[in-house]
Amino acid sequence: QVQLVESGGGLVQAGGSLRLSCAASGITFSISPFAWYRQAPGEQREWVATIDSSDNTNYHDSVKGRFTISRDNAKNTLYLQMNSLKPGDTAAYYCRVFGANYWGQGTQVTVSS
């Protein structure tokens with residue numbers, strides 16, 4: 001079965017950086033599109049970024065220029081590099097096989113001011 005396992009979350013000060021990872025199994029990784037989502041307490045889950053099998057990327061306006069989504073097909077791993085973090089980026093971050101109902105369990109990112 002498909003499994004997605006996120007890691008790399010934590011507590012960071014505003015202006016800092018984190019890199020999230022999402023290790024995938026049970027799926028043909030290299031041909032699959034992926035996405036990152038996030039959910040802050042009391043809010044709806046929102047889309048953050050996507051990457052397709054050709055490495056084409058798209059970003060929510062709120063993270064453009066600060067976050068970078070990437071993939072390593074040899075390692076079956078998806079990444080989200082987050083720079084210039086703001087308190088408003090505080091949320092649980094989830095990876096997803098884009099267009100399918102496969103989600104990871106989430107990793108918490110907390111940005112202090």
Side-chain angles (χ1 to χ4, degrees):
Q1 77 249 27
V2 177
Q3 283 195 317
L4 302 172
V5 180
E6 300 98 334
S7 61
L11 173 64
V12 63
Q13 287 190 329
S17 298
L18 282 174
R19 187 175 82 156
L20 306 183
S21 300
C22 172
S25 60
I27 193 170
T28 307
F29 187 89
S30 62
I31 64 171
S32 300
F34 289 92
W36 286 98
Y37 288 72
R38 66 186 180 185
Q39 187 168 18
E43 297 190 16
Q44 298 245 3
R45 191 170 296 188
E46 69 173 5
W47 165 76
V48 174
T50 50
I51 186 167
D52 68 13
S53 58
S54 299
D55 285 350
N56 296 306
T57 58
N58 281 292
Y59 298 92
H60 191 280
D61 284 347
S62 65
V63 307
K64 276 182 184 176
R66 300 188 299 122
F67 290 12
T68 302
I69 187 172
S70 64
R71 60 194 297 157
D72 186 335
N73 292 337
K75 295 182 178 180
N76 284 4
T77 301
L78 175 74
Y79 300 102
L80 186 67
Q81 178 67 44
M82 306 185 295
N83 299 328
S84 302
L85 282 161
K86 305 174 181 179
D89 295 318
T90 295
Y93 284 72
Y94 301 87
C95 61
R96 176 191 181 187
V97 179
F98 192 61
N101 195 28
Y102 299 120
W103 296 82
Q105 83 290 347
T107 186
Q108 179 67 36
V109 172
T110 303
V111 184
S112 63
S113 56

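Please read all numbers here as calculations on a predicted model, not as lab measurements. The figures here come from the full heavy-atom set of this structure, side chains too, leaving out hydrogens, waters and symmetry mates.
- Under the 4.5 Å side-chain heavy-atom criterion for Ile, Leu, Val, Met, Phe, Trp and Tyr, Ile27 and Leu78 are members of the same hydrophobic cluster.
- Not a single donor-acceptor pair under 3.5 Å links the side chain of Thr77 to the backbone N or O of Ala23.
- Taking Tyr37 as the reference, Arg96 meet the side chain to side chain donor-acceptor pair (under 3.5 Å) condition, with sequence neighbours excluded.
- The list of disulfide bond (SG atoms under 2.5 Å apart) pairs with a residue in residues 47-76, not counting sequence neighbours, is empty.
- The side chain to side chain contact (heavy atoms under 4.5 Å, CB included) test applied to Asp61 returns Lys64, not counting sequence neighbours.
- Within the structure, the disulfide bond (SG atoms under 2.5 Å apart) test picks out the following pairs touching residues 12-95 (sequence neighbours left out): Cys22-Cys95.
- Pairs of residues two or more places apart, or lying in two chains, that qualify as salt bridge (charged side-chain N to carboxylate O under 4.0 Å, His left out) and include a residue from residues 39-48 are Arg38-Glu46.
- Side-chain atoms of Tyr59 come within 3.5 Å of backbone N or O of Ile69 as a donor-acceptor pair.
- With sequence neighbours left out, Thr107 forms a side chain to side chain contact (heavy atoms under 4.5 Å, CB included) with Glu6, Leu20, Tyr93.
- A single hydrophobic cluster is seen to contain both Ile51 and Val2, as judged by linkage of ILVMFWY side chains at heavy-atom distances under 4.5 Å, directly or through other members.
- Hydrophobic cluster membership differs between Val48 and Phe98, with clusters built from Ile, Leu, Val, Met, Phe, Trp and Tyr side chains linked at under 4.5 angstrom.
- In this view, Asn56 and Asp52 satisfy the side chain to side chain donor-acceptor pair (under 3.5 Å) rule, not counting sequence neighbours.
- For residues 65-74, every residue pair satisfying the side-chain hydrogen bond (donor to acceptor under 3.5 Å, both in side chains) rule, not counting sequence neighbours, is listed here: Arg66-Asp89, Arg71-Asn73.
- In terms of hydrophobic clustering, with Ile, Leu, Val, Met, Phe, Trp and Tyr side chains grouped at heavy-atom distances under 4.5 Å, Val63 and Tyr79 are assigned to different clusters.
- Within 6.0 Å of CG on Asn101 lie no more than 12 heavy atoms contributed by other residues, nucleotides or ligands.
- Both Leu80 and Val12 are members of a single hydrophobic cluster when ILVMFWY side chains are connected at heavy-atom separations under 4.5 Å.
- Connectivity analysis of hydrophobic side chains (ILVMFWY, heavy atoms under 4.5 Å, direct or indirect) links Val5 to nothing; its cluster partners are none.
- Looking at residues two or more places apart in sequence or on another chain, you find a ring-ring contact (aromatic ring centres under 6.0 Å, His included) between Phe34 and Phe29.
- Considering every non-hydrogen atom in both Val109 and Leu18, the closest pair reads CG1-CD1, 3.9 Å.
- Screening residues 11-36 for side-chain hydrogen bond (donor to acceptor under 3.5 Å, both in side chains), with sequence neighbours left out, gives Ser17-Asn83.
- In terms of heavy-atom proximity, Thr50 sits nearest to Ala35 at CG2-CB, 3.5 Å.
- Within the structure, the disulfide bond (SG atoms under 2.5 Å apart) test picks out no pair touching residues 34-70 (sequence neighbours left out).
- At a threshold of 4.5 Å between non-hydrogen side-chain atoms, the residues Leu11 and Gln108 do not count as touching.
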